[in-house]
Amino acid sequence: MLGLLAIGCASSQGAPPKPLPPSEVAELATAPAGYRLGERLSEKCSGRQGLREIDEESLAAVDCSLERVTRALRARAASLSSHAIVGKRCHVSGGERYSVRCSARILVSDADASPEALAMPALVERGPAPSPAQVLDLDEPDPSQSAAIRVSFAPSAGAKARAPRRYDRVAETREPAVGRSPLGRVSARCQDCDELALRHALRVTAGRMGAGEVAAVRCLDEGEHRCVATALEPWSY
């Protein structure tokens with residue numbers, strides 16, 4: 001059910017409000033009445049497809065995608081106290097090596113708009129269960145960390161290239177599942193990220209290499225946080 005959402009100025013009393021999670025920032029084609037277009041934001045990434053050795057690359061590059069770039073745009077809009085981005089445009093170019101670039105304007109309220117004009121139906125529909133975007137808010141709390149997280153992957157001897165998989169199709173298990181062949185060794189490290197963010201990075205990276213499982217995850221604190229695991233081939237596609 002859609003509720004009412006007022007997109008206005010933050011209260012002058014108390015601490016500044018916490019930025020919205022990216023899933024709560026909507027995408028609009030045009031600015032509604034009472035609002036105008038604000039600053040233009042731009043995000044981009046470059047990636048490479050296929051099974052390969054990865055040596056200390058950023059998670060943002062390994063998982064370069066329209067979804068990740070759009071999420072970064074939404075997070076930046078939220079940090080600027082905007083509830084929506086308007087007129088998003090994206091461009092994907094390249095083949096094995098490719099790049100993704102997206103831009104959009106943030107939505108801001110007109111200074112002379114009345115409170116009635118600033119109240120509109122909720123921009124993000126809320127269902128009885130969390131949406132995939134809301135689940136991602138929990139799995140990857142801060143999209144800006146994807147540039148700071150460095151990931152590596154060493155393919156196993158004889159490993160074959162497989163289609164990439166979404167991270168939510170990559171299971172994390174204590175022990176390797178019986179019958180699944182090793183695909184490679186995956187690791188993630190970051191100075192200021194927590195263990196949950198690194199475990200998420202392991203699943204994302206393993207999924208991009210076509211894995212269906214990461215097993216025997218070990219996390220260490222050696223001046224920076226680091227997690228390692230074995231990536232296993234999926235049962236099927």
Side-chain angles (χ1 to χ4, degrees), residues 44-69 71-72 92-100 132 135-136 138-237:
K44 63 180 180 179
C45 64
S46 297
R48 182 179 167 188
Q49 301 189 56
L51 179 70
R52 62 189 178 89
E53 183 174 357
I54 300 172
D55 183 22
E56 296 288 303
E57 295 183 23
S58 73
L59 180 63
V62 171
D63 190 43
C64 180
S65 63
L66 283 171
E67 292 78 12
R68 183 169 290 277
V69 172
R71 182 170 162 80
V92 180
S93 60
E96 179 184 350
R97 295 182 181 274
Y98 65 97
S99 63
V100 180
V135 171
L136 189 56
L138 302 175
D139 288 346
E140 186 185 44
D142 185 354
S144 66
Q145 289 183 340
S146 64
I149 296 175
R150 316 305 291 188
V151 297
S152 297
F153 180 79
S156 298
K160 297 180 180 180
R162 297 178 179 272
R165 299 164 68 90
R166 284 179 49 88
Y167 85 95
D168 54 5
R169 296 184 62 205
V170 180
E172 180 184 323
T173 59
R174 183 183 298 273
E175 298 292 339
V178 177
R180 278 186 168 175
S181 300
L183 187 65
R185 191 71 170 167
V186 61
S187 66
R189 68 175 182 85
C190 180
Q191 184 70 41
D192 299 316
C193 306
D194 61 23
E195 182 176 317
L196 289 177
L198 293 182
R199 286 177 177 266
H200 172 74
L202 292 179
R203 294 170 64 201
V204 170
T205 303
R208 294 296 291 187
M209 297 298 103
E213 179 182 338
V214 291
V217 177
R218 293 188 299 111
C219 293
L220 310 169
D221 187 353
E222 302 172 331
E224 66 177 357
H225 300 290
R226 185 169 185 266
C227 292
V228 298
T230 299
L232 303 174
E233 294 178 351
W235 292 119
S236 64
Y237 290 91

Here the pair of heavy atoms bringing A159 nearest to L51 is O-CD2, 3.7 Å

Before you tell me yes or no, could you show the steps for H200 and L136 under side chain to side chain contact (heavy atoms under 4.5 Å, CB included), namely the whole-Å CA-CA distance, both residues' side-chain angles and the distance that decides it to 0.1 Å? CA-CA 10 Å; H200 172 74; L136 189 56; 3.9 Å; yes

Shortest non-hydrogen pair, R180 vs G212, comes out as NH1-O, 3.4 Å

Check your understanding: Can you check side chain to side chain contact (heavy atoms under 4.5 Å, CB included) on V204 and V62, steps first, answer last?
Key -> CA-CA 9 Å; V204 170; V62 171; 5.9 Å; no

OG (S93) and OH (Y98) are apart, to the nearest 0.5 Å, by 11.0 Å

Across all chains, not counting sequence neighbours, the salt bridge (Lys or Arg N to Asp or Glu O under 4.0 Å) partners of R226 are none

The complete set of disulfide (SG to SG under 2.5 Å) pairs with one or both residues in residues 153-207, sequence neighbours excluded, reads C190-C193

Given the options L198, V228, V151, S187 meets side-chain contact (heavy atoms from CB on, under 4.5 Å) only with V228

Taken to the nearest 0.5 Å, the spacing of L196 CG from H225 NE2 works out to 11.0 Å

*asked:* If you apply the rule side chain to side chain contact (heavy atoms under 4.5 Å, CB included), what do you find for I54 with R208, and how did you get there?
replied: CA-CA 11 Å; I54 300 172; R208 294 296 291 187; over 6 Å; no

Side chain to side chain donor-acceptor pair (under 3.5 Å) filter on T205, not counting sequence neighbours, yields none

In short, L183 meets F153 closest at the heavy-atom pair O-CZ, 3.6 Å

So CZ of R199 and SG of C219: to nearest 0.5 Å the spacing works out to 4.5 Å

Heavy-atom nearest pair, A231 first then A211, reads CB-CB, 3.9 Å

Here the ring pair (Phe, Tyr, Trp, His ring centres under 6.0 Å) pairs for residues 171-193, sequence neighbours left out, are none

Rounded to the nearest 0.5 angstrom, the CG-OG distance for D63 and S146 is 8.5 Å

Correct closest heavy-atom pair for V217 and A229 would be CG2-CB, 3.7 Å

S181 meets the side chain to side chain contact (heavy atoms under 4.5 Å, CB included) criterion, sequence neighbours left out, with E233

Value for CD1 (I149) from CD (E57), rounded to nearest 0.5 Å, stands at 14.0 Å

query = Looking only at atom types and distance, does a side-chain atom of S156 sit under 3.5 Å from a main-chain N or O of G184, one as donor and one as acceptor?
reply = yes

Applying salt bridge (Lys or Arg N to Asp or Glu O under 4.0 Å) to R185 and not counting sequence neighbours gives none

Those residues at least two apart in sequence (or on a different chain) that pass side chain to side chain contact (heavy atoms under 4.5 Å, CB included) with R48 are R52, E96, R97

Hits for side chain to side chain donor-acceptor pair (under 3.5 Å) against R189, two or more places apart or cross-chain, chain-then-number order -> E56, E224

Applying salt bridge (Lys or Arg N to Asp or Glu O under 4.0 Å) to D192 and not counting sequence neighbours gives none

Those residues at least two apart in sequence (or on a different chain) that pass side chain to side chain contact (heavy atoms under 4.5 Å, CB included) with A215 are T173, P176, E213, L232

Here the gap from E53 atom CD to S152 atom OG, rounded to the nearest 0.5 Å, amounts to 8.5 Å

What one should report as the nearest heavy-atom pair of S46 and C64 is N-SG, 3.6 Å

Going by heavy atoms in the side chains, are R68 and C45 under 4.5 Å from each other? no

Residue set satisfying side chain to side chain donor-acceptor pair (under 3.5 Å) with R203, at least two apart, ordered chain then number -> none

Applying side chain to side chain donor-acceptor pair (under 3.5 Å) to R150 and not counting sequence neighbours gives none

